[in-house]
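Following this message is one structure expressed as structure tokens.
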Amino acid sequence: MSTSAFQLGKFVNAGVLDSMSDLASTFSHAQPFRHVVIDDFLTQDFCRAICEQFPEFRDADAINENQEVGGKATREKVRTLGSAYRDMDDLVQNRDFLELVGEITGIEDLNYDPHYFGGGTHENREGQDLDPHIDFNYHPVTNQHRRLNLIIYLNEGWQDDWGGSLQLHRDPYREPVHDEIITVSPLMNRCVIFETTESSWHGFEQIRLPAEEKARSRKSFAVYYYTKKRPEAETSDEHSTVYVERHLPDHFQPGMQLEAEDLLEMKRLLSRRDQHLQRLYRDIRNLQGTLSASRNSGRHVACSTPKTGDFSGDMELAARTISGLRHRIDELEASTSWRMTAPIRALKRLLTGHT
């Protein structure tokens, strides 16, 4: 399918095409970071086709970071999902569409990701949430800079009090009362475009559906855009997704009576923190194994103070990742959401060599 400038109107709502200047102004002035929310983004017929062909939830597509079946299923091979998704894939990579997104965001020479790494269709079920985070900053295959997230939500009549609404944060390390949080309901045919930087913190609170809505799930389609270059001031060492664990709920106050539901929430938050630490330990073991293998092969690498630029290839990535892990430990130590724990201190000693 060829989507020329004239044919964009078959898939993108004419109102969007007629509002480029206003959308660009909204994007550039938005807080807490640059973004724009566009309702009725796709034409009605195209959006209906996308919803009808949305894939079923399969356990094989819901393996989480702990290698367990979770409550989020993703499908990255979108062209296998049906004719509407082949049209969608053609649309989001078409040069005219890229220029449309570039005009709204002011970011030129955008490149589409044919791998849909982390993108494609997303379905989140009851109980699922997403801690505030910034995204990985380089594509794992092309090494291009990640610049934009474009998400189209597909949920009729979604209510904010069900959880699951997108939240954009100024600084999630702060208590919520001191953070600036913008909430965006994931409504049907609503498109959100936002820049991805070292401060574009976003996530959503746990989905808790009322009894009569338990069969629902939170559905969306996501595509991420990249550029070969980006301003030097916006660049950073390569890192994976960086999460900030949520603070205790506001009603946790001195003298409160702890209910069974409160205890479950505390256990859930502690379990999430433990899982995060386990992932960090695993990453460190893998990196130390890489460094040890290099030393044994005759390439000596000082593990105590690796610096980017000292190595090449896999060793350069290992050094960058260890540097990122050290930075993450410092962030965890400074976090106001939880006290510095013994496992965190042990992890810091492992990374820094200091007691």
Where is the tightest heavy-atom contact between H35 and A30, given as atom of each residue plus distance?
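For H35 versus A30, the nearest heavy atoms are O-CB, 3.2 Å.
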Linking I/L/V/M/F/W/Y whenever any side-chain heavy atoms sit under 4.5 Å apart, do V12 and V223 land together?
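Hydrophobic grouping puts V12 with V223.
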Evaluate whether atom NZ of K214 has more than 12 neighbouring non-hydrogen atoms of other residues, nucleotides or ligands under 6.0 angstrom away.
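Buried by this count: over 12 neighbours within 6.0 Å.
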Is the count of non-hydrogen atoms from other residues, nucleotides or ligands lying under 6.0 Å from E212 atom CD greater than 12?
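Yes, enclosed.
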Do the side chain of E205 and the main chain of D129 share a donor and acceptor less than 3.5 angstrom apart?
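No, because the side chain of E205 does not come within donor-acceptor range (under 3.5 Å) of the backbone of D129.
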Distance in Å, L154 CG paired with K219 NZ, rounded so as to fall on 0.5 Å steps
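Answer for the CG-NZ pair, L154 versus K219, is 8.5 Å.
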Test side chain to side chain contact (heavy atoms under 4.5 Å, CB included) on D45 and K10 and set out the steps.
CA-CA 9 Å; D45 289 344; K10 180 180 177 181; over 6 Å; no
Please check this pair: side chain of T290 against backbone of N286, looking for a donor-acceptor N/O pair closer than 3.5 Å.
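Checking the backbone N and O of N286 against the side chain of T290, a donor-acceptor pair under 3.5 Å is found.
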Same cluster or not: are Y153 and L148 linked, directly or through other Ile, Leu, Val, Met, Phe, Trp or Tyr residues, by side-chain heavy atoms under 4.5 angstrom apart?
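No, Y153 does not connect to L148 through the hydrophobic network.
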T121 vs Y85 side-chain heavy atoms within contact, under 4.5 Å:
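Result yes, sub-4.5 Å side-chain heavy-atom pair found.
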Are the side chains of F57 and D59 in touch, meaning some heavy atoms are under 4.5 Å apart?
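Yes, at least one pair of side-chain atoms sits under 4.5 Å.
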Heavy-atom distance under 4.5 Å between the side chains of M188 and C51, does that happen here?
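Touching, per the 4.5 Å side-chain cut-off.
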Shortest non-hydrogen contact from L110 to V101?
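What the structure gives for the nearest pair is CD1-CG1, 3.8 Å.
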Please test F46 against M88 for side chain to side chain contact (heavy atoms under 4.5 Å, CB included), starting from the C-alpha separation and ending with a verdict.
CA-CA 9 Å; F46 187 41; M88 176 68 87; 4.0 Å; yes
Could you walk me through whether E123 and S217 pass the side-chain hydrogen bond (donor to acceptor under 3.5 Å, both in side chains) test, one step at a time?
CA-CA 6 Å; E123 181 176 7; S217 59; 2.7 Å; yes
Hey, is the main chain of K267 close enough, under 3.5 Å, to the side chain of S271 for a donor-acceptor pair?
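It does not hold such a pair.
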Salt bridge (charged side-chain N to carboxylate O under 4.0 Å, His left out) between R208 and E265, intermediate numbers included:
CA-CA 13 Å; R208 295 181 176 177; E265 178 66 6; 3.2 Å; yes
Distance-minimising heavy-atom pair for I207 and R125
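The pair with the smallest heavy-atom distance is CD1-O, 3.7 Å.
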In terms of hydrophobic clustering (I, L, V, M, F, W, Y; side-chain heavy atoms under 4.5 Å; direct or indirect links), are L168 and W158 co-clustered?
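They do not share one cluster, since no chain of ILVMFWY contacts under 4.5 Å joins L168 to W158.
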Using every non-hydrogen atom in the two residues, find where L98 and Q93 come nearest and quote the distance to one decimal.
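In terms of heavy atoms, the two residues are closest at CD1-O, 3.8 Å.
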Minimum heavy-atom separation for Q7 to F11, with atom names?
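The answer is O-CD1, 3.7 Å.
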Measuring from D274:CG to R279:CZ, what's the distance to the nearest 0.5 Å?
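Going from CG on D274 over to CZ on R279, the span is 11.0 Å.
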Could you walk me through whether R190 and D39 satisfy the side chain to side chain contact (heavy atoms under 4.5 Å, CB included) test, starting with their C-alpha distance in whole Å, then the side-chain angles of each, then the deciding distance to 0.1 Å, before giving a yes or no?
CA-CA 4 Å; R190 170 172 281 180; D39 288 328; 2.6 Å; yes
Any non-hydrogen side-chain atom of H133 less than 4.5 Å from a side-chain atom of H202?
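The answer is yes, as the side chains (C-beta and beyond) meet within the 4.5 Å cut-off.
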Within 6.0 angstrom of Q31 CD, more than 12 heavy atoms from elsewhere
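Yes, because the 6.0 Å sphere around CD of Q31 holds more than 12 heavy atoms from other groups.
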F27 and side chain to side chain contact (heavy atoms under 4.5 Å, CB included): which partner among V37, D22, T105?
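One option only clears the test, and that one is T105.
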Kindly compute the distance separating CD (E99) from CD (E108), expressed to the nearest 0.5 Å.
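Answer rounded to 0.5 Å: 10.0 Å.
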Can you confirm whether more than 12 heavy atoms, excluding those of E68, are under 6.0 Å from its CD atom?
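Enclosed.
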Return the set of residues passing side-chain contact (heavy atoms from CB on, under 4.5 Å) with I38 (not counting sequence neighbours), or none when no residue passes.
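Residues passing side-chain contact (heavy atoms from CB on, under 4.5 Å) with I38: V16, L23, V36, F41, I104, C191, I193.
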If I compare all heavy atoms of L91 with all of L8, which pair ends up nearest, and what's the gap?
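Looking at all heavy atoms of both residues, the shortest contact is CD1-CD2, 3.5 Å.
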Pairwise side-chain contact, N64 with K72, heavy-atom cut-off 4.5 Å (strictly under)
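No, side chains not in contact.
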Side chain to side chain contact (heavy atoms under 4.5 Å, CB included) assessment of T74 paired with Y116
CA-CA 10 Å; T74 63; Y116 281 90; over 6 Å; no
Within-4.5 Å side-chain heavy-atom neighbours: N137 and E198
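Yes; the side chains approach each other to less than 4.5 Å.
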Is a donor on one side and an acceptor on the other found under 3.5 Å between the side chain of E180 and the backbone of R170?
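A pair under 3.5 Å: no.
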Aromatic centroids of Y138 and H145 separated by under 6.0 Å
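Ring centroids of H145 and Y138 are less than 6.0 Å from each other.
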Angle between ring planes, H139 versus Y226, binned at 30° and 60°: parallel, tilted or perpendicular?
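Correct class here is perpendicular.
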Y112/N94 under side-chain hydrogen bond (donor to acceptor under 3.5 Å, both in side chains): CA gap, chis, key distance, verdict
CA-CA 9 Å; Y112 138 97; N94 179 266; over 6 Å; no
Would you say that R86 contacts D89 through its side chain, given a criterion of any heavy-atom pair below 4.5 Å between the two side chains?
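They are not in contact (no side-chain heavy atoms under 4.5 Å apart), so the answer is no.
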Going hydrophobic residue to hydrophobic residue with side-chain gaps under 4.5 angstrom, can you get from F221 over to F117?
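No.
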Partner of D179 by side-chain hydrogen bond (donor to acceptor under 3.5 Å, both in side chains), out of H247, Q167, H169, R174
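Among H247, Q167, H169, R174, the one meeting side-chain hydrogen bond (donor to acceptor under 3.5 Å, both in side chains) with D179 is H169.
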Is N155 close to W162 at the side-chain level, that is, under 4.5 Å between some pair of heavy atoms?
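No, too far: nothing below the 4.5 Å cut-off.
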Might you work through the side-chain hydrogen bond (donor to acceptor under 3.5 Å, both in side chains) test for T227 and R147, ending with a clear yes or no?
CA-CA 7 Å; T227 58; R147 302 300 301 277; 2.9 Å; yes
For E259, is there any backbone N or O sitting under 3.5 Å from a side-chain donor or acceptor partner on D262?
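Yes.
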Is it the case that the side chain of R246 and the backbone of L130 share a donor-acceptor pair, with hydrogens and angles ignored and the cut-off at 3.5 Å?
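Judged by distance alone, yes, a pair lies under 3.5 Å.
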Report yes or no: does S185 contribute a side-chain atom to a donor-acceptor pair with the main-chain N or O of L187 at less than 3.5 Å?
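No, the answer is negative, given that no donor and acceptor are paired below the 3.5 Å cut-off.
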Any donor-acceptor pair under 3.5 Å from T196 side chain to R146 backbone:
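Side chain of T196 to backbone of R146: a pair is present.
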Honestly curious: do F204 and V184 fall in one hydrophobic cluster under the side-chain, below-4.5 Å linking rule?
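Different hydrophobic clusters.
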